[in-house]
Number of protein chains: 2
Amino acid sequence: MAETPGGDKVRDALRAAHLYYLQDLTMEAIASELHTSRSSVSRLLGFARDTGLVEIQVKSPADRVSSIQDRIKERFGITAHVVPVPDSTAEVDRLERVAMSAARILGPFFDSNMTMGIAWGSTLSAVSRHLQEKVTHNSQIVQLNGASNARTTGIGYASEIMSRFGTAFGAYVQQFPVPAFFDDPRTKEVLWRERSIRRVLEIQKHMDIALFGLGSAYADVPSHVYVGGYLDDDDFQALTHSDVVGDVATVFYRADGSSDDIPMNARSSGPSLSLLSKVSRRVCVVSGRSKLPALRGALAAGVMTDLIIDEATAHSLVEG
Amino acid sequence: MAETPGGDKVRDALRAAHLYYLQDLTMEAIASELHTSRSSVSRLLGFARDTGLVEIQVKSPADRVSSIQDRIKERFGITAHVVPVPDSTAEVDRLERVAMSAARILGPFFDSNMTMGIAWGSTLSAVSRHLQEKVTHNSQIVQLNGASNARTTGIGYASEIMSRFGTAFGAYVQQFPVPAFFDDPRTKEVLWRERSIRRVLEIQKHMDIALFGLGSAYADVPSHVYVGGYLDDDDFQALTHSDVVGDVATVFYRADGSSDDIPMNARSSGPSLSLLSKVSRRVCVVSGRSKLPALRGALAAGVMTDLIIDEATAHSLVEG
DNA sequence: AAGCGCAATGCACATATGTGCACGGCGTAG
DNA sequence: CTACGCCGTGCACATATGTGCATTGCGCTT
């Protein structure tokens, strides 16, 4: 067992998965082919699923007319993944379920030789907790915006998210050890010239997927940025003054999607929206009606190509 | 039910599938969300699977060293899909199982706006019987080679295969109503100038996927072509004389993969191997060791990009 | 060589899922 | 208006699957 430490297990799991999912054999039958017990087969299959040897996708046939996804596609030109959640569900559970779905939907998007940039926040945290393993090679996860602030280094929180993604995909994790917001924009400018930082920025520039939630001061569950001590009263005032409706990776924008001339952005560590828009796949996860204003703004800004959203909010989006 | 004749069913099935596969709810839980009984949910999920709303893939992680697939990839430069089948399995069951796997593996390959060319024969027939539904749009299936001969029109057989593919994918079916082999090559030349025929040839030329088995005179289960009255004694002699080891869609080739100067090919209705090689994805399904010589020849000819093959035969392929 | 600990295995039971059958609604033909 | 027949549904049962627990085998330590 030293030389093939589980390699046999993978082999068996793969074979079991093939027999089960591709040939419709029952576990009993597989057990006899594998000369083992049915229980072991059950466990092997479980292993195969957890481990990403089996990938299950739910595809919406493009023909279902006027489904919400299509309406969203028409109106906003993006691909929506609407997560069914009963309306009665509490806000927290709702986020949890959207996050779980997001984690599953994400799987097929990411693969070997890719780089995924991720933001941090309650939403991403939830997603990270539901990731299923999927082995990839030569892939990396890069943090989009800094996480430390005046009170904490924020490292525990953000890096936990990062490392969950890293281990789930077997990807190299590239942290971004800078504050979320600089006190002085000039510090940022200077720091941005450092080679160590430029290396990260360079990686960000070449990412294949960006994954983020939306920040919103008005959310029922106010976003992490707004309650974590990242902003002081002056900052809040400044934001209100600039008509900010939300943020993506600590970069703020207005209802019309514009993000220029918002002073806070000069101090933010996140990627500018224009930079973000160069990424070929930009996945946004949203749960809860209270994020609607932020969502509309983000749509106007065109920051996303894919939207994973709970049913009720999707509904409100196309209704209102 | 008149206006959405099953549209609701699809909707529900989709939702159920989402809840089941993406959110890990139990059928019981889904039943209550859907205000129906657990049984109905079970049925809905079954429907979702049959209907292609759910797609399940088994992926071989690229890292498993020296697996058969990798060895094949190295040696022949193609992607192999090895179907696990116990060695003790009878030849017929083996074909059946390979065919079932092939049908499942094929699903993800084919999609809307694509054209798939298919040959006919025992292998393809078996595959066609195991296809899972998958709705696509603006897609078509085109027959690669004629099927009628001196004795029968061959239409029942080939067109049954064709239509199974057509209905499974909701694709337009383009038959190719010509004999498998012409008595006189000049007839073919003349006919090939007809617009109706040229239309089909044109479609073939633009196909995105080609799917075929291998013909072999020496197979345990001799291929359909060799026993269906398509060839007479003289033909057989001619083939032997030309050192033919097998055929793809009634186009013959030698062990070294060459197919020129084989007189029969001038009379065959199938696409020349060079034409075939222009298709971006060329999937070959093989079951049974007796097809090995034909397989080696086909590999030498480079006609395939993907090979779906049973385990034992794959083994022999890399061993010998 | 005996003892220890870890991981894999199978058993037996608990759950979850699949399906034949009978019932009831609804549209249609008579 | 009634009879007929076709779904769609849920029930109850049959199967199939998941999992805690005790056992076994194996490698390593003492």
Side-chain angles (χ1 to χ4, degrees), chain A residues 1-58 64 84 86 97 100-101 104 130 132-133 135 167, chain B residues 1-58 61 64 84 86 97 100-101 104 130 132-133 167:
Chain A
M1 141 151 148
E3 44 182 0
T4 48
D8 274 358
K9 184 171 180 184
V10 172
R11 228 177 62 92
D12 286 352
L14 214 42
R15 170 180 275 257
H18 197 116
L19 295 170
Y20 189 77
Y21 290 109
L22 261 30
Q23 292 187 27
D24 284 345
L25 300 203
T26 100
M27 294 188 177
E28 197 94 48
I30 298 172
S32 79
E33 284 201 14
L34 245 62
H35 305 293
T36 180
S37 72
R38 195 186 49 71
S39 340
S40 298
V41 174
S42 172
R43 281 187 264 257
L44 276 181
L45 287 173
F47 171 78
R49 282 188 298 261
D50 295 344
T51 236
L53 295 177
V54 172
E55 201 163 282
I56 298 180
Q57 297 179 35
V58 177
R64 247 161 354 99
R97 290 176 61 161
M100 181 179 289
S101 302
R104 306 280 175 99
H130 291 290
Q132 293 205 346
E133 274 190 42
V135 282
T167 55
Chain B
M1 139 148 150
E3 44 182 1
T4 48
D8 273 359
K9 183 171 180 185
V10 172
R11 229 177 61 91
D12 285 353
L14 214 42
R15 170 180 275 256
H18 198 118
L19 295 169
Y20 189 77
Y21 290 108
L22 263 29
Q23 291 187 28
D24 284 343
L25 300 203
T26 111
M27 293 189 179
E28 198 94 50
I30 298 172
S32 79
E33 283 201 14
L34 244 61
H35 305 295
T36 181
S37 73
R38 194 186 50 71
S39 341
S40 298
V41 174
S42 171
R43 280 188 265 257
L44 277 180
L45 288 173
F47 171 79
R49 282 187 298 262
D50 295 342
T51 233
L53 295 176
V54 172
E55 201 163 282
I56 300 181
Q57 298 178 36
V58 177
R64 245 159 358 98
R97 290 175 64 161
M100 181 180 287
S101 302
R104 307 279 177 97
H130 291 291
Q132 292 206 347
E133 274 190 42
T167 53

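In the text below, chain A, chain B and the rest are named by the order of the sequence lines, each starting its count at 1.
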Task: Nearest heavy-atom neighbours spanning B:Asp12 and B:Leu44 - done: CB-CD1, 3.8 Å

TODO: Could you tell me the separation between the CD atom of B:Glu133 and the CZ atom of B:Phe47, rounded to the nearest 0.5 Å?
DONE: 7.5 Å

Task: A:Tyr20: partners by side-chain contact (heavy atoms from CB on, under 4.5 Å), with sequence neighbours left out - done: A:Met27, A:Ile30, A:Leu45

- [ ] In whole angstrom, give the distance that lies between atom CG of A:Asp12 and atom P of C:dA8.
- [x] 12 Å

Task: Below 4.0 Å: OP1/OP2 of C:dT17 and any side-chain N or O of B:Ser42 - done: no

Open item on the list: Quick test of your reading of the model: are B:Asp24 and A:Arg104 salt-bridged, counting only N-O distances below 4.0 Å?
Closed with: yes

Pairs under 3.5 angstrom, nitrogen or oxygen only, protein versus nucleotides 21-26 of chain C, please.
none

Task: Contacts of type side-chain contact (heavy atoms from CB on, under 4.5 Å), residue B:Glu28, not counting sequence neighbours - done: B:Thr26, B:Arg38

Open item on the list: I need the CG-C1' distance between B:Leu45 and C:dA16, as an integer number of Å.
Closed with: 12 Å

TODO: Among the candidates D:dT9, D:dC13, D:dT17, find the nucleotide nearest to the side-chain atoms of B:Arg38.
DONE: D:dC13

Task: Distance (rounded to the nearest 0.5 Å) between A:Leu25 CG and A:His18 NE2 - done: 9.5 Å

Open item on the list: So A:Leu19 and A:Val41, do their side chains get closer than 4.5 Å, heavy atoms only?
Closed with: no

- [ ] Using the test salt bridge (charged side-chain N to carboxylate O under 4.0 Å, His left out), find all partners of B:Asp50 that sit at least two apart in sequence or belong to another chain.
- [x] none

Open item on the list: What residues from residues 28-37 of chain B pass a heavy-atom cutoff of under 4.0 Å to DNA chain D?
Closed with: B:Thr36, B:Ser37

Task: Side-chain N or O of A:Ser39 closer than 4.0 Å to phosphate OP1/OP2 of C:dG10 - done: no

Open item on the list: If the cut-off is 4.0 Å, is A:Arg49 near the phosphate of D:dT17, judged by side-chain N/O to OP1 or OP2?
Closed with: no

TODO: Grab the two heavy atoms, one from A:Ala31 and one from A:Ser37, that are nearest each other, plus how far apart they are.
DONE: CB-C, 3.7 Å

Open item on the list: Expressed as a whole number of angstroms, how long is the span from A:Asp50:CG to D:dG18:P?
Closed with: 11 Å

Task: Between D:dG8 (P) and B:Leu44 (CG): distance, integer Å - done: 11 Å

TODO: Could you identify which residues of residues 19-26 of chain A place a heavy atom less than 4.0 Å from some atom of DNA chain D, listed by residue number, or say none?
DONE: A:Tyr20, A:Thr26

- [ ] Compare every heavy atom of B:Leu34 with every heavy atom of B:Arg15, then report the nearest pair and how far apart it is.
- [x] CD-CD1, 3.2 Å

Open item on the list: Please check this pair: side chain of B:Arg97 against backbone of A:Gln23, looking for a donor-acceptor N/O pair closer than 3.5 Å.
Closed with: no

